[in-house]
Amino acid sequence: MNDRLRLAVPNKGRLVEPTLQLLHDAGLVFESTDRSLVARVRNFDLDILFVRTNDVIEFVRDAVADLGVTGIDLLCESGVDLPRVRPLGYGQCRLTIAVPADSPYQSVDELSGLRVATAHPNTTRSYFAAQSVPVEVIPISGAVEVAPRLGLAEAIVDLVSSGSTMILNGLRPIGDVLPSEAVLVANPEAREGRATELAAIETMLSAVIAARDKKYLMMNAPSVKLDELQALLPGLSGPSVIPLAHDGMIAIHSVVGADEVWGLLPRLKGAGASGILVLPIEKIVQ
Ligand code: AMP
């Protein structure tokens with residue numbers, strides 16, 4: 001009996017590289033070559049199945065895999081109701097409604113009675129139905145952004161991340177349908193029956209994701225400056241304060257948001273800190 005857990009991940013497209021990075025960062029040791037369908041993880045009872053991004057959901061639904069990595073947009077479009085274990089913090093994008101830049105339409109309501117081309121027809125239909133704006137949804141599978149120029153539709157619903165590609169294509173966004181990012185999904189029976197093993201994987205991945213947007217700060221300071229420095233440093237549960245051999249001096253260690261570091265450094269220096277080190281954090285388990 002093969003009782004290794006199975007995780008389905010995309011084998012092509014944008015989610016491949018960040019997914020492999022996450023699994024490697026989590027400490028899973030496996031070889032992934034383009035040709036292999038299955039990679040055996042050497043240090044965990046887990047097999048990784050490389051499948052088309054669109055097929056991940058069916059693999060998990062049909063219990064061919066216990067877990068899967070896919071996009072929220074694809075999950076919504078599939079209509080398959082799989083438990084979402086956790087968002088993964090990459091593959092961020094949104095389904096956006098856009099019209100040609102020179103068209104007269106400014107709002108979603110104005111699209112009533114018009115045609116909307118998209119590769120996400122189910123999500124688009126539900127969105128416009130919920131807005132009570134009747135439109136004709138034109139399903140197309142690629143090059144959605146050229147549909148208005150080809151005379152196929154007056155508007156489109158397409159995935160964007162920054163939105164700049166849409167603008168380069170002469171389109172103007174007028175509303176958002178759905179925010180999306182990569183998500184870890186589970187087969188419902190596996191979630192019940194193999195809860196402990198699934199929780200172990202979730203903890204592994206969560207520890208990496210939690211650490212990604214944090215930095216570890218270490219600095220020395222005169223002990224009289226502690227209050228002032230502490231006010232600048234929240235940390236996970238407040239900073240650690242360690243006495244130094246040099247009388248009247250302390251070391252302060254703290255975890256801060258990676259985005260805050262550059263703003264914090266001059267303020268810490270100004271408040272008396274010296275020898276400040278900024279270190280990456282590999283994992284955080286809380
Ligand atoms: P792909 O296989 O490259 O077509 O994309 C698969 C998934 O990547 C999409 O379904 C989204 O969940 C995600 N994604 C992230 N950013 C973008 C983007 N800018 N455009 C399209 N898809 C994106």
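Every number for a ligand or one of its atoms is a count from 1 in the order of the listing. Numbers here simply count residues along the sequence, with the first being 1.
Contacts of Asp176 classified as side-chain hydrogen bond (donor to acceptor under 3.5 Å, both in side chains), with partners at least two apart in sequence or in another chain: Arg94, Thr96.
With Arg84 as the fixed residue, the side-chain contact (heavy atoms from CB on, under 4.5 Å) test singles out one of Thr70, Ile72, Leu184: Ile72.
Salt-bridge annotation for Arg42 and Glu31: present, with a side-chain N of the basic residue lying under 4.0 Å from a carboxylate O of the acidic one. The residues Arg6 and Asp47 are annotated as not salt-bridged, no charged nitrogen and carboxylate oxygen being separated by less than 4.0 angstrom.
The distance from ligand 1 to the heavy atoms of Gly91 drops below 4.0 Å at these ligand atoms: 15 (C). Ligand 1 places these atoms under 4.0 Å from at least one heavy atom of Leu74: 10 (O). Near Gly13, the atoms of ligand 1 lying under 4.0 angstrom from a non-hydrogen atom of the residue are 2 (O), 3 (O). In summary, the atoms of ligand 1 found under 4.0 Å from a heavy atom of Gly71, numbered by their order in the structure, are 12 (O). Below 4.0 Å from some heavy atom of Asp73 lie the following atoms of ligand 1, by number and element: 9 (C), 10 (O), 11 (C), 12 (O).
At the shortest separation from atom 19 (N) of ligand 1 among protein heavy atoms lies Ser161 OG, 2.9 Å. Among protein heavy atoms, atom 16 (N) of ligand 1 sits closest to Cys93 CB, 3.4 Å. Looking from atom 21 (C) of ligand 1 to the surrounding protein, the closest heavy atom is Arg14 NE, 3.4 Å.
Expressed to the nearest 0.5 Å, how far CZ of Phe44 lies from CD1 of Ile201 amounts to 4.0 Å. Distance check: Ile281 CD1 to Lys215 NZ gives 8.0 Å after rounding to the nearest 0.5 Å.
Between His24 and Phe30, the ring planes are parallel. Angles under 30° get that label, and only those over 60° would be called perpendicular.
At a distance under 4.0 Å, no protein heavy atom can be found next to atom 4 (O) of ligand 1.
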